[in-house]
Amino acid sequence: MRFTVPEHKTLVHEMVITIRWGDMDAMGHVNNTVYFRYFEIARLAWFDRIGCPPNPAGEGPVIVNAFCNFIRQLEYPGEVIARHYVAHPGRTSFDTFLTLARTDAPDIVCTEGGAKVVWVDFPKQKSVPLPERLRALISGA
């Protein structure tokens with residue numbers, strides 16, 4: 001099964017992540033679980049940058065599903081450019097999409113993936129409307 005990343009999405013964050021030796025598995029390439037870690041690093045860096053970090057005593061983002069299409073292997077040594085996109089804001093949720101490309105071949109996507117983010121009140125364990133500043137960033141992006 002292959003999930004598709006939509007054409008209509010907005011780039012909101014880009015960063016470089018160093019591939020570590022320990023990210024590889026016995027097959028000599030970055031382990032499949034690590035790609036989700038790279039996605040998390042980029043997503044959280046964006047939330048921090050826009051002033052909406054997760055607050056366990058208050059509100060924040062929860063991932064309710066995630067996918068990853070492995071297109072080309074990533075291997076040590078190297079660095080990847082993580083590009084983070086947003087789309088489809090709803091009342092309490094929005095979609096995120098990410099691509100990973102090596103810095104030495106920035107136009108060749110090695111991996112693409114995404115996740116649905118739901119905004120929650122952590123103490124109540126209940127979804128709540130997106131903060132207006134976040135909705136404005138996603139809608140206006």
Side-chain angles (χ1 to χ4, degrees), residues 1-56 58-141:
M1 174 183 294
R2 186 179 181 106
F3 295 93
T4 58
V5 173
E7 288 291 321
H8 179 70
K9 60 192 180 303
T10 303
L11 179 64
V12 292
H13 184 68
E14 188 173 300
M15 67 181 297
V16 173
I17 300 170
T18 301
I19 299 171
R20 301 168 304 174
W21 175 260
D23 292 345
M24 292 191 309
D25 60 20
M27 303 308 291
H29 57 252
V30 171
N31 184 272
N32 62 333
T33 62
V34 176
Y35 291 81
F36 288 98
R37 178 68 64 189
Y38 293 165
F39 291 170
E40 177 188 53
I41 290 167
R43 191 170 32 249
L44 287 174
W46 176 66
F47 280 126
D48 286 341
R49 186 174 61 84
I50 64 170
C52 290
N55 175 3
E59 296 181 357
V62 171
I63 303 302
V64 295
N65 66 27
F67 74 92
C68 186
N69 297 320
F70 304 97
I71 302 165
R72 291 179 177 77
Q73 295 182 47
L74 292 174
E75 299 169 342
Y76 176 89
E79 294 179 318
V80 295
I81 300 171
R83 294 182 177 107
H84 184 261
Y85 303 84
V86 294
H88 313 121
R91 188 178 76 77
T92 64
S93 67
F94 63 99
D95 295 332
T96 65
F97 300 98
L98 294 108
T99 61
L100 301 177
R102 290 183 62 94
T103 56
D104 56 3
D107 296 325
I108 300 173
V109 174
C110 297
T111 309
E112 60 185 13
K116 165 107 30 214
V117 174
V118 174
W119 204 256
V120 299
D121 179 313
F122 289 116
K124 293 180 183 175
Q125 296 187 5
K126 187 175 179 179
S127 65
V128 294
L130 293 172
E132 282 306 315
R133 69 183 186 282
L134 180 57
R135 178 179 302 290
L137 285 170
I138 297 167
S139 297

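Scope of the values below: all heavy atoms of this structure, side chains included, with no hydrogens, waters or symmetry mates.
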(request) Take Tyr85 and Asp95 through the test side chain to side chain donor-acceptor pair (under 3.5 Å) and record every step on the way to the result. (result) CA-CA 8 Å; Tyr85 303 84; Asp95 295 332; over 6 Å; no
(message) Can you tell me how far apart CG (Leu130) and CD1 (Ile138) are? Round to the nearest 0.5 Å.
(response) 5.5 Å
Mind listing the side-chain donor-acceptor pairs of residues 39-54 below 3.5 Å, one per line with the distance, residues two or more places apart or on another chain?
from	atom 1	to	atom 2	distance (Å)
Glu40	OE1	Arg37	NH1	2.6
Arg49	NE	His13	ND1	3.2
Arg49	NH2	Val12	O	2.4

(message) Are the side chains of Val109 and Ile71 in contact, using a 4.5 Å heavy-atom criterion?
(response) yes
(message) Using the rule given for side-chain contact (heavy atoms from CB on, under 4.5 Å), can you reason through Phe94 versus His88, listing the C-alpha separation, both sets of side-chain angles and the distance that settles it, and then say yes or no?
(response) CA-CA 5 Å; Phe94 63 99; His88 313 121; 6.0 Å; no
(request) State the NZ-CZ distance between Lys9 and Arg83, to the nearest 0.5 angstrom. (result) 11.0 Å
Show every donor-acceptor pair shorter than 3.5 Å between a side-chain atom in residues 118-127 and any protein atom, with sequence neighbours excluded, or say none if there are none.
from	atom 1	to	atom 2	distance (Å)
Trp119	NE1	Glu59	OE1	3.1
Asp121	OD1	Lys124	N	3.0

(request) To the nearest 0.5 Å, tell me how far Ile17 CD1 sits from Leu74 CG. (result) 10.5 Å
(message) Nearest 0.5 angstrom please: Asp25 CG to Asn32 CG, how far?
(response) 7.5 Å
(message) What I'd like to find out is whether the side chain of Leu98 reaches to under 4.5 Å of the side chain of Glu112, using heavy atoms alone.
(response) no
(request) Using a 4.5 Å cut-off on heavy atoms from C-beta on, say whether the side chain of Val86 contacts that of Phe97. (result) no
(request) With the side chain counted from C-beta on, respond yes when Val30 and Ile19 share a heavy-atom pair under 4.5 Å apart, and no when they do not. (result) yes
(message) Once rounded to the nearest 0.5 Å, what's the spacing between atom CD of Glu79 and atom CZ of Arg102?
(response) 9.0 Å
(request) Quick one: pull up SG in Cys110 and CD in Gln73 and give me the separation to the nearest 0.5 Å. (result) 10.0 Å
(message) Using only atom types and a distance under 3.5 Å, with no angle test, would you say the side chain of Arg72 pairs donor to acceptor with the backbone of Ile108?
(response) no
(message) Contact between Thr111 and Cys68 at the side-chain level, heavy atoms closer than 4.5 Å - yes or no?
(response) yes
(request) Specify the closest pair of heavy atoms between Ile81 and Thr103, including all atoms of both residues, with the distance to one decimal. (result) CG1-CG2, 3.6 Å
(message) So that I know where these two stand, are Phe67 and Phe3 an aromatic pair - ring centroids less than 6.0 Å apart?
(response) yes
(request) For Thr96 and Ala115, indicate whether the former's side chain and the latter's backbone hold a donor-acceptor pair under 3.5 Å. (result) yes
(request) Could you tell me which non-hydrogen atom of Tyr38 sits nearest to which non-hydrogen atom of Thr18, and how far apart they are? (result) OH-O, 4.5 Å
